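In what follows, chains carry the letters A, B, and so on, assigned in the order in which the sequence lines appear, proteins first and then strands, with residues in each chain numbered from 1. If you're wondering where the values come from, they're calculated on a predicted model, not measured in any experiment.
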Amino acid sequence: MVGRKDEQSLARGTSGGAAAPGPVPGLLDGLNPPQREAVTCAEGPLLILAGPGSGKTRVVTQRIAWLITERGARPEEILALTFTNKAAREMRERVERTLDAARMWISTFHAMCARILRREIELLGGWTRDFSIYDTSDRNALLKSVVKASGYDLTRYRPGLVGGWISAWKNTREPGSLPPAEGGMDDEVLGRVMRAYSQALRSNNALDFDDLLLKVLELFDGHAGVRDAYASRFRYVSVDEYQDTNRVQYLLTRHLSSYHGNLAVCGDPDQSIYAWRGADLRNILDFERDFPSPRVVKLEQNYRSKGNILKAAHALIRANSARKEKALWTESEDGDLLTVLECADENDEAREIALQVRALALGGVPYDSIAVFYRVNFMQRALETQLRLARVPYQIVGGVEFYARREIRDLVSYLKLAVNPNDDVAFRRVVNVPRRGVGEQSVERLMSWALDRRVPLLEALRSPEALESIRGRARAGLAAFGELLGRLAEARELPASSALELLLEEIDCDSWLAQMDDDDAGAEREANVDELVTHAREYDRLYPDGGLRGFLQDIALVSDVDGLREGSGGVALMTLHSAKGLEFPVAIIAGLEEELLPHFRALAEGEGDAGLEQERRLLYVGMTRARERLLLTWAANRLHFGQESSRLPSRFLDEIPPELIEGLEHDRDGERDPLGVFEAPEGEYASLKVGDAVEHDHFGRGRVELLQGSGVNARATVCFVDHGNKQLLLQYARLRLSR
DNA sequence: AAATCCGCGTTTTTT
DNA sequence: ACGCGGATTT
């Protein structure tokens, strides 16, 4: 029930799906003319400009089906690139409903590049196929040692900032132009650090996220044969969310489609929200120049949102000056007005949201058809607290990353080290895990020994001479560590789960977790480890040939465990960025305040209004996730940096025509009608009490006689004036309090 | 080498 | 307000 696209038309079109080539009855059924045009355009460049809710995903997946069944394409000739794992997973699932997608490449840019490099990287020299992938925190750890070793001040050249700068440089690659160095950092120094960092990556046999793409580009640029092998294999290339691609991704796309020239991209300039990480709108705006005489299809009919929601979103986005006007329209009725709630502070806001959610739930709206969006992750906390108090089930999408937990990172580092003995970052992370008496001093000593001989730490460890130089307990500890890794070496060729189990045994997981911290988190850590094992087993089952290397690659590129679980029964909580591509019957957007949405950082940077306009697009994306109902909230005070500050409503609220908004009276006593369904009793959450007078759409007026059960099973026995006693499931009966 | 203390930055968004 | 990293104790 949750957040999946195009529910409007799922029932149609796919009924006659078949994996075998041949005409598929109904493949084009239920498609409107532009959608049909896009689906059936197989050859040459194709640009699909798709407004929100216009059935874009459906078109892309149907098009793949069309290519297979009508144009005789083989699955292995299909390459579909997405921007996020979520999008890739969803597209694969959708395609699999009618076809065997196993041999298609449906993945993110990063995953595709990792896959290519596993095969080809040795052509570049300096890396082996066992290379590690460094995420942001690995990158920062490496940068820290690089900055330190180069003798620069770590407070001035903070790894995170330096890393951001390097990443910006790699992603834009504007010839001759460097990203501006912020925070008192010096260009010269940054350049030096960057070179040292690149060198360090190479000696660690590692690549960061940006390198995954860049190395493939390098490969394609330098080895036409390899380039052509891939370009000729992929007869049909498609790229989703093209407005979010950066320069490097654009160049990759060019290469990949260079042989057959069948490139279909789709996107929406109004939904471009990733300029900060190098996304370049010119890619989509200049598509017609880059890939001459393309077919251009506009999908402008919205099947998702009620009229008022669409009108409001459109009014908002029209305030952007740098855009092409689109004629979005819908056949849907106007529906409810938007609701704007002013709240006292962030807790009041969260409480209000919890209350509205409960009211909706009592009115028959399942929790998992409701989503709450926010600009920045820290807003999650207050929402969680209040939802928990209100006993509203919720789930967080994205957010705190599973693989960021310490115990998980440690285990993964061990596995990485087993596969890639050059990975010093992993080595340093686990050399004293579990505690074996190896402190910083000893590691420093080993490091300098290794550095002198330009040898990885693990190799230094194998040298008796190096060990001699370590004193006391640390020597024994290091020796033990070395032996452990020796035994772990066999894990390299094992299935992921077996490798992990071997590791858990070797480090005596239970006692490790027990000694890790005596405070609270023990049980949770244990559960996390169990989940990692489950993941590994799942991976082995799904990809029997993947092995430990494949598993490691997978988790390096998937930050959040699983995103949204369908039918989980909970309200979905996520950032506006994570919301892209999803839809919900009810969307609630919190924190519509100046400085927050638009975010002050966005306002500060960039030429002219670029930052502001991107913030507006972000809200536009959020608003257009809603099907039936849209609720916007803001708080007059908010705790920020531990300090209360008073806030102003977002200018974006003024850009929504007032006649589309129903403002709920703000009343200090909390007595406002939650979406007109229930009134909240003072100091409590909305609920029915025995004796309440109620109204039902069908049965009219009555009085509550009895309340039983809870949650989805909550039932009320109501004595109706005209229909006598009825037992009603509160989840479905739209009971209203009557006064 | 481990435990405790203190000060600083943090809060944009993701692969 | 919080967590991390570095510095300072034990």
Side-chain angles (χ1 to χ4, degrees), chain A residues 81-88 107-114 133-141 144 148 154-155 158-161 164 167 170-171 183 207-214 241 244-246 248-249 272-279 346 373-382 397-401 403-404 406 432 435-443 471-474 477 515 517-518 553-560 563 574-580 591 595-605 611 614-615 617-619 621-622 638-644:
Chain A
L81 291 171
T82 64
F83 203 61
T84 62
N85 293 305
K86 204 162 58 186
S107 76
T108 63
F109 273 97
H110 288 83
M112 171 193 72
C113 289
I133 297 173
Y134 282 180
D135 66 15
T136 309
S137 77
D138 296 323
R139 177 196 76 185
N140 292 347
K144 184 177 161 192
K148 209 189 222 169
L154 270 171
T155 55
R158 226 169 316 125
L161 280 181
S167 179
K170 286 180 175 177
N171 277 311
L207 299 175
D208 65 20
F209 282 144
D210 305 316
D211 286 343
L212 287 176
L213 308 194
L214 282 171
E241 307 283 12
D244 285 329
T245 52
N246 64 27
V248 178
Q249 289 162 332
S272 153
I273 54 176
Y274 285 103
W276 51 272
R277 58 185 268 199
E346 75 277 1
F373 308 140
Y374 35 84
R375 176 65 234 263
V376 289
N377 270 316
F378 80 87
M379 295 174 65
Q380 183 188 306
R381 175 177 305 186
V397 180
V400 200
E401 295 168 16
Y403 291 102
R406 194 168 69 220
N432 200 28
R435 297 258 129 94
R436 47 174 78 86
V438 181
E440 199 161 347
Q441 292 289 310
S442 322
V443 177
R471 15 185 64 272
R473 182 185 309 203
Q515 64 141 70
D517 40 14
D518 25 4
Q553 173 169 316
D554 225 51
I555 61 186
L557 297 173
V558 182
S559 47
D560 53 307
M574 70 190 86
T575 63
L576 283 163
H577 283 84
S578 304
K580 188 154 78 163
E595 312 279 84
L596 194 53
L597 184 62
H599 194 274
F600 69 101
R601 291 283 303 260
L603 293 176
E605 72 197 29
Q614 168 147 295
E615 295 293 294
R617 290 195 292 268
L618 194 52
L619 177 57
V621 166
R638 193 177 290 276
L639 206 57
H640 210 227
F641 293 151
Q643 263 187 341
E644 190 88 358

Decide yes or no, distance alone: a donor-acceptor N/O pair under 3.5 angstrom between the base of B/dT14 and the side-chain of A/Thr136.
no
Report the residues that fulfil salt bridge (charged side-chain N to carboxylate O under 4.0 Å, His left out) with A/Glu346, sequence neighbours left out, ordered by chain and then residue number.
none
Base, sugar-phosphate, or nothing: which does A/His110 touch, judged by heavy atoms less than 4.0 Å apart?
base
Short N/O separations, protein against nucleotides 3-7 of chain C, under 3.5 angstrom:
{"residue": "C/dG6", "atom": "OP1", "partner": "A/Lys144", "partner atom": "NZ", "Å": "3.4"}
{"residue": "C/dG6", "atom": "OP2", "partner": "A/Lys144", "partner atom": "NZ", "Å": "3.0"}

Return the value, rounded to whole Å, for the distance between atom CG of A/Asn171 and atom C1' of B/dT13.
14 Å
Mark this stacking check for A/Trp276 against B/dT13 as yes or no, applying ring centres under 5.5 Å and ring planes under 30°.
yes
Take atom CG of A/Leu207 and atom P of B/dT15, then tell me their distance rounded to the nearest Å.
18 Å
For A/Glu615 and B/dT13, give me the distance from atom CD to atom P, rounded to whole Å.
12 Å
Got more than 12 heavy atoms from elsewhere within 6.0 Å of CD, A/Glu644?
yes
DNA chain B nearest-nucleotide lookup for A/Phe209 and A/Arg158: closer to the 5′ end is A/Arg158
As an exercise, state the distance from CD1 of A/Ile133 to CG of A/Leu212, rounded to the nearest 0.5 Å.
5.0 Å
Looking at A/Ser578, is its backbone amide N or carbonyl O close enough to the side chain of A/Lys86 to form a donor-acceptor pair, meaning the two atoms are under 3.5 Å apart?
yes
Would you indicate what A/Phe109 reaches in the nucleic acid, counting non-hydrogen atoms under 4.0 angstrom: base, sugar-phosphate, or nothing?
nothing
Contact string for nucleotides 1-7 of chain B, one letter per nucleotide 5' to 3', B = base within protein heavy-atom range under 4.0 Å, S = sugar-phosphate only, - = neither, reads SSS----
